[in-house]
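Residue indices begin at 1 and follow the sequence shown. As the structure is a computational prediction, the values presented were derived from the model and not from experiment. Counting starts at 1 for both ligands and their atoms, in listed order.
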Amino acid sequence: MGRGDSLSAPAPEPGFTPTPALPPRAIRHMSLFSTRRRRLLHALAVLGAGTVVTGFSPGMRKPAAPELCATPGAFDTPLLVPGDDGRMGRLAAGGRPVVLRAAPYGRDGGLAFAARADGRDYLDPTLVAGSGSRIAIRLENRLDEPTVAHWHGLTMDTANDGNGEALIEPDRSFDYAFAVRNRAGLYWYHPHPHGSTATQIYRGLFGLIGVEDDDEVKLRAALSLIPGDTEIPLVLHDRRANSSLRYAPSADDLLLGWYGDEMLVNFTPRPYLDVTGRRYRFRVLNAGNARNFRLAFRRDDGTPMPFLLLGTDGGLLERARPCTEVFLSPAERIDVLVDFAGIPVGGYALLESRAFDPMHALPARRAEPNAAPTDASHDMRASTGPSGASPHVADGAPLQLLQFRIRARDAAVSPPPARLSAAPAPLPAGDERPLRLGFAKGRWRINDKVYDMAAAPIVVARGAVETWLIRNYHTSMPHAMHLHGFQFRVLERETSPDPLASLVVDSRGRIATDLGWKDTVLVWPGESVKIAIDFRHPFAGEQTYLFHCHNLEHEDGGMMLRVKVG
Ligand code: C2O
Ligand code: CU
Ligand code: CU
């Protein structure tokens with residue numbers, strides 16, 4: 001990997017001279033912390049009444065959503081809204097070199113990408129670039145461990161993909177140089193050093209990428225959307241408030257995922273946002289390690305607020321789609337339009353995650369590898385786990401995420417145009433490849449395998465279009481399956497479980513978010529999801545990508561396979 005090559009002369013791609021990959025270090029995080037101030041009650045209060053839900057076993061019907069009351073006092077911090085500098089600030093990155101410095105941030109173990117441009121300072125900047133522009137980024141590693149940045153969702157050659165098979169050692173740098181080949185959409189960048197991805201993302205080392213094109217410009221004009229005002233990204237994640245940002249997963253956490261007890265939106269706990277009575281566009285990323293959200297909006301009187309789904313991971317849908325709720329798994333993005341016009345000035349609305357059965361089930365922990373599965377379902381209560389896990393709020397618990405305070409009336413804004421983007425060209429039928437998600441010998445696996453940097457269990461011929469049939473076992477968990485380097489289409493869902501039943505929108509079992517371009521798809525226990533991937537790419541020579549679960553504990557634990565594309 002290049003070491004501080006001149007940024008003014010970015011290495012050309014794809015004729016980039018390959019240099020030997022450094023062996024990544026498997027870094028263990030076994031440190032335990034002696035004192036844990038339990039702020040459980042406080043955290044539960046913040047999360048809202050009704051957070052404590054009794055456990056239930058997989059297969060049971062989802063519990064009725066407890067009646068959550070709007071508690072205006074609980075939201076006491078203005079939402080961080082990204083501006084033109086500072087944390088998450090928008091930084092024009094197309095066509096000019098940018099330096100990102102991965103460094104410690106704050107006093108509680110945080111990390112951030114720092115940048116400086118045009119006399120402004122940024123932390124975890126939102127990189128903004130036009131479709132077709134070129135990006136040149138020097139990443140300087142000022143951490144005391146190796147890192148590397150991956151550009152999640154972008155079409156990329158392996159040399160620039162940051163897949164973790166070459167790492168940037170402390171005090172070294174790497175120069176990325178690539179063209180933005182994607183359509184407009186919200187993508188993101190995050191570290192990918194295998195075994196340490198979870199801890200580095202958890203501690204705050206990630207940022208957004210906003211790709212823009214003509215469709216995007218038209219949409220903003222039609223809806224008079226102004227980024228930073230009426231168009232706001234919402235990054236959702238959770239942390240364990242009682243342990244700062246220390247990441248010390250227990251055995252249970254490693255199996256089920258690291259769940260926090262405090263929800264953050266744009267790094268803000270207990271956030272509120274002052275809005276006017278008009279349409280707002282929110283582009284939402286789930287940056288949590290493991291938590292799934294069942295997102296919905298509602299008014300303070302409890303009335304649900306339907307919204308329009310404008311886009312998914314890979315950009316705008318062909319047409320806006322009315323929704324009442326959407327599941328958002330780790331790394332997935334949605335683009336939504338919400339109308340506050342019907343709420344009187346002084347009223348409130350909420351972004352919440354409704355209660356759902358998270359369907360966590362594992363074979364008995366000490367059973368033989370092939371023992372019959374038993375009910376070891378994850379207890380939904382915030383609790384100290386059997387192996388000493390920190391208190392946390394389990395997946396599927398109801399959460400109040402963000403309060404909107406309607407502060408003024410506003411002129412009506414027209415509805416979105418009938419057509420947001422061109423209909424995608426149909427894909428030719430491809431060979432079908434089965435991928436089974438399961439658990440054996442203490443580890444989550446794909447086709448019974450775990451990540452091996454020396455193997456390529458999936459080999460795709462140059463120019464191929466493939467259909468992947470991803471099947472998750474019944475005794476399993478939902479897995480957020482992500483492919484590097486390519487956007488795909490969801491063709492079909494079969495044998496979907498209860499939580500999805502009411503969301504199906506077509507005869508192929510698909511849900512609204514399946515209708516757009518995707519790079520991450522949540523596959524529920526017992527479910528089969530068929531996706532189509534066009535592997536044609538413009539890069540010279542064979543490229544290597546990764547297919548993995550974006551539950552970061554599963555990913556670091558090896559639920560990941562290499563994909564060789566000719
Ligand atoms: Cu966002 Cu390999 O991941
Ligand atoms: Cu990725
Ligand atoms: Cu998983």
* Asked: Do any of the N, O or S atoms of His482 sit under 2.8 Å from the Cu ion (ligand 2)?
  ->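 Yes, since at least one N, O or S atom of His482 sits under 2.8 Å from the Cu ion (ligand 2).
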* N/O/S of His150 less than 2.8 Å from the Cu ion (ligand 2)? ->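 An N, O or S atom of His150 is closer than 2.8 Å to the Cu ion (ligand 2), so yes.
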Hey, is atom 1 (Cu) of ligand 1 within less than 2.8 Å of some N/O/S atom on [X]?
{"X": "His152", "answer": "yes"}
{"X": "His192", "answer": "no"}
{"X": "His190", "answer": "yes"}

Pair [X] + [Y]: ring centers closer than 6.0 Å:
{"X": "His194", "Y": "Tyr451", "answer": "yes"}
{"X": "Phe206", "Y": "His237", "answer": "yes"}
{"X": "Phe488", "Y": "Trp468", "answer": "no"}

* Can you tell me if Asp253 and Ser250 form a side-chain donor-acceptor pair at under 3.5 Å? -> yes
* Pair Glu332-His550, side chain to side chain donor-acceptor pair (under 3.5 Å): steps then yes or no -> CA-CA 9 Å; Glu332 277 189 298; His550 223 288; over 6 Å; no
* At atom 2 (Cu) of ligand 1, what angle lies between atom NE2 of His484 and atom NE2 of His548, rounded to 10 degrees? -> 110°
